[in-house]
Amino acid sequence: MYDPTVARLTYRALLGRRRAAILLVLPALLLLIAAGVRAFNGADDQMAAGVLGGFAIATMVPLIGVIAGTGAIGPEIDDGSIVYLLAKPVKRPVIVVTKLVVAIAVTMAFSALPTFAAGYILNGNGQQIAVAYTVAALVASIAYAALFLLLGTVSRHAVVIGLVYALVWETLFGSLVPGARTLSVQQWSLALAERIGGEGMITSEVGLPLAVALLAGVTLLATGYAGRKLRTLTLAGEE
């Protein structure tokens, strides 16, 4: 279910000069904020949790997921170059899974690693905050990559839809409407962080068993439907 050639082409597309520069902006901003907060406030557990939860998990991870997930396949479908890949003797589910693996790897690299580094800068991993939010970033990366890869296969406006979900649904509605938090990848990932971090440092609106089930279910369903959608594309590029 993994093709090295497809993976290499996808990495090349995602890590091109322009897209890589965009991917680096948010991690660099997170580290800059962490350094500034530590310099002015010293090591503060509550402040560390606030920065990592409010910026890293709520903003940086979903936005990087949008860029990596949609960029892994969306541009190829939009410009029609996907037909050359589909003409190769590679099963279409293999193409989807390979691109998903690459999108997950890129999302993790540009979100989880900076989150861990920022956590150590902020409070030296006091109360296991750096580790907790890193785990949250890792599991969120998987679900976001799958969701946004699916969007890339079904819509030419995947980036816009992804941004609406990440910035409007999860950030705005998630903070105003309690019921919306249950349908939030952010809250699902925070359920794992809550279990790891010090008592009272991190909270989630979703229980851990439900969060794990939802993370796994959404990832599998999104991947399966993306593979099914890709199978319906014709070599003539009619879709």
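These numbers were taken from a predicted model, which means no experiment stands behind them. Count residues from 1 along the sequence.
Distance CG/Leu9 to CG/Leu14: 11.0 Å, rounded to 0.5 Å. Note that the CG atom of Leu163 and the CZ atom of Phe148 stand 8.0 Å from one another [nearest 0.5 Å]. Separating the CG atom in Leu138 from the CD1 atom in Ile104 is a distance of 11.0 Å, to the nearest 0.5 Å. One finds the CD1 atom of Ile57 at 8.5 Å from the CD1 atom of Ile202 (value rounded to the nearest 0.5 Å). Note that CD1 of Ile33 and CG of Leu122 are 9.5 Å apart. Values are rounded to the nearest 0.5 Å. Between the CG atom in Leu230 and the CG atom in Leu150 there is a gap of 11.5 Å [rounded to 0.5 Å].
A donor-acceptor pair is defined here as one N or O able to donate and one able to accept, closer than 3.5 Å; no such pair exists between the side chain of Thr153 and the backbone of Ala226. Looking only at distances, a side-chain donor or acceptor of Lys99 sits under 3.5 Å from a matching main-chain atom of Ala72. No side-chain donor-acceptor contact under 3.5 Å links Asp45 to the backbone of Asn123. Judged by distance alone, with hydrogens and angles left aside, the side-chain atoms of Gln187 form a donor-acceptor pair with the main-chain N or O of Glu205 at under 3.5 Å. A donor-acceptor pair under 3.5 Å is absent between the side-chain atoms of Ser189 and the main chain of Ala137, judged by distance alone. Under a 3.5 Å cut-off, the side chain of Ser155 and the backbone N or O of Leu151 do not form any donor-acceptor pair.
In the hydrophobic clustering of ILVMFWY residues, with side-chain heavy atoms under 4.5 Å counting as a link, Leu147 and Leu221 come out apart. Under the 4.5 Å side-chain contact rule for hydrophobic residues, Leu30 and Leu113 do not share a cluster. Under a hydrophobic clustering in which Ile, Leu, Val, Met, Phe, Trp and Tyr are joined whenever their side-chain heavy atoms come within less than 4.5 Å, directly or via other members, Leu208 and Val206 fall into the same cluster. Residues Leu23 and Val159 fall within the same hydrophobic cluster, defined by Ile, Leu, Val, Met, Phe, Trp and Tyr side chains chained together at heavy-atom separations under 4.5 Å.
Heavy atoms only, all atoms of each residue included: Tyr144 and Gly65 are closest at CB-CA, 4.3 Å. Scanning both residues, Val61 and Thr107, for their nearest heavy atoms gives O-CG2, 4.3 Å.
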Go through the steps for Met201 and Gln46 under the test side-chain contact (heavy atoms from CB on, under 4.5 Å), then give the verdict.
CA-CA 7 Å; Met201 288 290 102; Gln46 289 289 350; 3.1 Å; yes

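When side chains are defined from C-beta on, Val212 does not count as touching Trp188, because their heavy atoms never get closer than 4.5 Å.
Around atom CZ of Phe55, more than 12 heavy atoms belonging to other residues, nucleotides or ligands sit under 6.0 Å away.
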